[in-house]
Chemist: 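Structure in C-alpha cells, see below.
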Amino acid sequence: MKKNQIFEKLNENLYNLDHVENEISMIELAIYQKSIEELKDTKINEIREFFEQKAKFYNQKIEKYNNEINNNIEKYQIEISKLINTYNNLYVNVFKIMESAINNQKIAIANIVTLTERIQKEDLKDEEIEKIRNTIIACAERKLNYAVIIDECKARIKWCTDDALNNINEIFQNNIYQLQTYDENIVNKIKRNLFNIFFGKSSYKKFIENYEFEYFKNLKQKNNSRILDITSTIKGIIIQMEETKKQISLKYKEKMCA
C-alpha cells in the first residue's frame, strides 16, 4: 500500500472512530436516562401505594385525603427531581470533559498524519526534519496523556449512574411491605376493626401529618446533604481535569522546545 493511501486510510479510520464513539456515548446516555426515569416512576408509585395501604390499614377511604396525599407526593417528586438534576449536571460536565479530550486526541492524530506526510512529500533540511519529528513525538505523547482523562471520565460516568441509582433507592425508601398484615388471627382482626371505628380517622390524619413533619423532613435533609456532596464532586472533577490539561499542555510545550 502506498504512503498516500495509508494517510487516507488513517483519516478514514479517524472519521469512523468519531462515529462509533458518538454512537456509544448516545447509547450510554440513553441507558442512564431510562434507568433513572424508570426508578423515579417506581418510587412515585411506591409512595402512592404507601399511603393507600396505610388507609386500608386504618379502614379509611383514601379519596377523602387526596389533597393532603397529592401534596406530599408532589413534594416527594420535587426532591427526587432535585437529586436527579444534580446527577444529570455531573454526567453532562464529565461528558463534556471527555468529549473535549477525545477531540484533542483527534487533533493530535491528525497532526501526526499531516506532519508525517509532509516529511514524505517535501524536500526538507535535516534540521527541519528533526523539528517535525520532535513535534510528531510531542503529538503522540499528547494523545496518550489525553487518554488518561478519557479513562477517568468513563469511570466517572459509570460511577455517576451507579451512585444515582443507589442513592435514589437509599434516600427515597418506602417501606410499603411493612404495612401488609400477614396471618392476622380473628381476635386481632376484630380488635383492629373496633379500634378503627373509633380512632381510624384520627390515626390516619396523624399518620399523614407525621409523614410530612418527620419522615419527609428527614428525607429532605438526607437529600440536600447528598446534593451538596455531588456538587462538591463536580467542582472537584472540573478543577482536577483543568489541572491535568495544564500539565499536558506544559509537557507538550517542553517537548517542542527540547
Side-chain angles (χ1 to χ4, degrees), residues 21-51 70-105 145-177 210-249:
E21 284 170 347
N22 285 336
E23 281 195 343
I24 291 172
S25 296
M26 291 302 103
I27 289 169
E28 288 177 344
L29 176 60
I31 291 171
Y32 165 78
Q33 290 176 329
K34 185 177 180 182
S35 299
I36 296 298
E37 285 304 311
E38 284 180 350
L39 183 56
K40 179 183 177 181
D41 291 342
T42 297
K43 290 299 174 183
I44 300 303
N45 290 333
E46 281 181 0
I47 191 63
R48 191 172 295 279
E49 187 177 350
F50 182 74
F51 283 109
N70 288 335
N71 183 46
N72 279 320
I73 291 174
E74 185 179 349
K75 290 178 181 178
Y76 186 88
Q77 285 179 303
I78 289 170
E79 290 302 312
I80 292 183
S81 295
K82 278 167 56 180
L83 184 60
I84 290 173
N85 288 339
T86 308
Y87 275 111
N88 288 347
N89 191 23
L90 171 60
Y91 194 107
V92 168
N93 273 280
V94 174
F95 184 85
K96 285 180 179 178
I97 293 169
M98 183 176 70
E99 195 173 46
S100 175
I102 291 171
N103 287 334
N104 276 292
Q105 274 196 327
N145 288 331
Y146 271 107
V148 175
I149 293 180
I150 293 167
D151 288 343
E152 175 67 17
C153 287
K154 286 179 178 178
R156 285 287 183 178
I157 284 173
K158 184 181 184 307
W159 172 84
C160 176
T161 303
D162 294 341
D163 202 62
L165 295 173
N166 289 337
N167 275 289
I168 292 170
N169 270 318
E170 182 182 334
I171 295 170
F172 297 90
Q173 288 185 20
N174 298 302
N175 299 319
I176 57 176
Y177 300 108
N210 286 342
Y211 173 86
E212 183 172 358
F213 294 109
E214 291 180 14
Y215 175 81
F216 186 76
K217 182 181 178 182
N218 184 47
L219 179 151
K220 192 171 182 178
Q221 287 174 345
K222 286 182 179 179
N223 198 41
N224 287 338
S225 176
R226 187 57 193 144
I227 288 170
L228 285 174
D229 288 343
I230 303 164
T231 304
S232 297
T233 299
I234 295 170
K235 291 178 181 178
I237 290 171
I238 292 172
I239 292 170
Q240 178 192 359
M241 293 305 172
E242 285 299 320
E243 183 59 33
T244 304
K245 284 167 68 177
K246 286 179 184 177
Q247 291 299 320
I248 292 172
S249 295

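All values derive from a computational prediction rather than experimental measurement.
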Chemist: For Glu212, is there an ion pair with Lys75 - N to carboxylate O distance below 4.0 angstrom?
Modeler: yes

Chemist: For residues Ser81 and Lys40, report the shortest heavy-atom separation together with the two atoms involved.
Modeler: OG-NZ, 3.1 Å

Chemist: Verify whether the ring centers belonging to Phe216 and Tyr76 lie closer than 6.0 Å.
Modeler: no

Chemist: Report yes or no: does Asn93 contribute a side-chain atom to a donor-acceptor pair with the main-chain N or O of Asn89 at less than 3.5 Å?
Modeler: yes

Chemist: Could you give the distance from CG (Asp163) to CD1 (Ile230), rounded to the nearest 0.5 Å?
Modeler: 6.5 Å

Chemist: What closest approach, in Å, do Tyr146 and Ile248 show between heavy atoms, and which atom pair accounts for it?
Modeler: CE1-CG2, 3.7 Å

Chemist: Would you indicate whether the side-chain heavy atoms of Phe172 and Ile47 approach each other to under 4.5 Å?
Modeler: no

Chemist: Just verifying a value: how many Å separate Asn88 CG and Phe95 CZ, rounded to the nearest 0.5 Å?
Modeler: 13.5 Å

Chemist: Is any side-chain heavy atom of Thr86 closer than 4.5 Å to a side-chain heavy atom of Arg226?
Modeler: no

Chemist: Closer than 3.5 angstrom, by distance alone: can the side chain of Thr42 be matched with the main-chain N or O of Glu38 as a donor-acceptor pair?
Modeler: yes

Chemist: Indicate yes or no for a side-chain donor-acceptor contact from Glu28 to the backbone of Ser25 under 3.5 Å, with no hydrogens or angles considered.
Modeler: no

Chemist: Between Glu243 and Gln247, does any side-chain donor sit less than 3.5 Å from a side-chain acceptor?
Modeler: yes

Chemist: Roughly how far, to the nearest 0.5 Å, is CG of Leu83 from CG of Asn223?
Modeler: 5.0 Å

Chemist: Please confirm whether the backbone N or O of Asp229 pairs with a side-chain atom of Thr233, one donor and one acceptor, at under 3.5 Å?
Modeler: yes

Chemist: Taking distance alone, no hydrogens or angles, what donor-acceptor pairs closer than 3.5 Å link side-chain atoms of residues 150-159 to residues at least two apart or in another chain?
Modeler:
residue	atom	partner	partner atom	Å
Glu152	OE2	Arg156	NE	3.2
Lys158	NZ	Asp162	OD2	2.9

Chemist: Would Asn169 and Lys43 satisfy side-chain contact (heavy atoms from CB on, under 4.5 Å), going step by step from the backbone distance to the final call?
Modeler: CA-CA 8 Å; Asn169 270 318; Lys43 290 299 174 183; 3.3 Å; yes

Chemist: State the CD-CD1 distance between Glu46 and Ile73, to the nearest 0.5 angstrom.
Modeler: 12.0 Å

Chemist: So how far is it from Lys235 NZ to Leu90 CG, rounded to the nearest 0.5 Å?
Modeler: 13.5 Å

Chemist: Side-chain contact test, heavy atoms from C-beta onward, threshold under 4.5 Å: evaluate it for Thr161 versus Leu165 and give yes or no.
Modeler: yes

Chemist: Output the distance between atom NZ (Lys220) and atom CD1 (Ile227), rounded to the nearest 0.5 Å.
Modeler: 10.0 Å

Chemist: How would you list, by chain and number, every residue that makes a side chain to side chain donor-acceptor pair (under 3.5 Å) with Asn85, sequence neighbours excluded?
Modeler: none

Chemist: Does Ile149 form a side-chain contact (heavy atoms from CB on, under 4.5 Å) with Met98? I'd like the steps, not just the answer.
Modeler: CA-CA 7 Å; Ile149 293 180; Met98 183 176 70; over 6 Å; no

Chemist: Is a salt bridge present between Glu79 and Lys82, judged by a nitrogen-to-oxygen distance below 4.0 Å?
Modeler: yes

Chemist: Can you find a side-chain donor-acceptor pair between Lys222 and Asn167 that sits under 3.5 Å?
Modeler: no

Chemist: Any Lys/Arg nitrogen of Glu242 or Lys245 sitting under 4.0 Å from an Asp/Glu carboxylate oxygen of the other?
Modeler: yes

Chemist: Suppose we screen for ring-ring contact (aromatic ring centres under 6.0 Å, His included). Which residues come up paired with Tyr87, at least two apart in sequence or across chains?
Modeler: none

